[in-house]
Amino acid sequence: MDSSEKGAHLEQQIAAYFQMNGYQAETNVRIEGKSGGVHEVDVLARKSDGITEFSVAVEVKARGVPIAKDVILT
């Protein structure tokens, strides 16, 4: 299994975890920011308690070594 397949599998596992905990979860979501820029999120999980909506965005990396902070932020 190559790293892109591992990443896709890990995205599905993370989405399933959120769903088991009451979230609605989607993978590979494109979101338009306030500036008009478009961001791709690997897993987006949302949950509402009727008053507040909670959103969690997850960037998934399936590698065998740590990834430098500047790689994630670009």
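This one's a predicted model, so the numbers in the text were calculated from it and none came from an experiment. The figures that follow rest on heavy atoms only: side chains count, while hydrogens, waters and symmetry mates do not.
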So, the side chain of K47 versus the backbone of F18: is there a donor-acceptor pair under 3.5 Å, distance only?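 No; judged by distance alone, with no hydrogens or angles, the pair does not exist.
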
Do V58 and V41 touch side chain to side chain, with heavy atoms closer than 4.5 Å?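 Not in contact.
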
Rounded distance [0.5 Å steps], OG1 in T27 versus CD in E40: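 T27 atom OG1 to E40 atom CD measures 10.0 Å (nearest 0.5 Å).
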
Would you find more than 12 non-hydrogen atoms of other residues, nucleotides or ligands less than 6.0 Å from Q24 atom CD?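 Open.
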
Please say whether more than 12 non-hydrogen atoms of neighbouring residues, nucleotides or ligands are located less than 6.0 Å from OH in Y17.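 No, not enclosed.
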
Is there a path of hydrophobic side-chain contacts, each under 4.5 Å between heavy atoms, that joins V60 and V56?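 Yes: a chain of side-chain contacts under 4.5 Å links V60 to V56.
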
For the atom pair CD (E26) and CG (D42), what is the distance rounded to the nearest 0.5 Å?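 Answer for the CD-CG pair, E26 versus D42, is 13.0 Å.
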
Which pair of non-hydrogen atoms, one from A25 and one from A15, has the smallest distance, and what is that distance?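 Heavy atoms only, the tightest pair is CB-O, 3.6 Å.
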
Would you compute the distance between atom CD of E59 and atom NE2 of H39 and round it to the nearest 0.5 angstrom?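 Here the interatomic distance stands at 12.0 Å.
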
Spatial distance of atom CD (Q19) from atom CD (Q12) [nearest 0.5 Å]: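 Spacing of CD (Q19) from CD (Q12) equals 8.5 Å.
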
If Ile, Leu, Val, Met, Phe, Trp and Tyr residues are connected whenever their side-chain heavy atoms lie under 4.5 Å apart, and connections chain through other members, are V43 and L10 in the same group?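 Hydrophobic grouping puts V43 with L10.
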
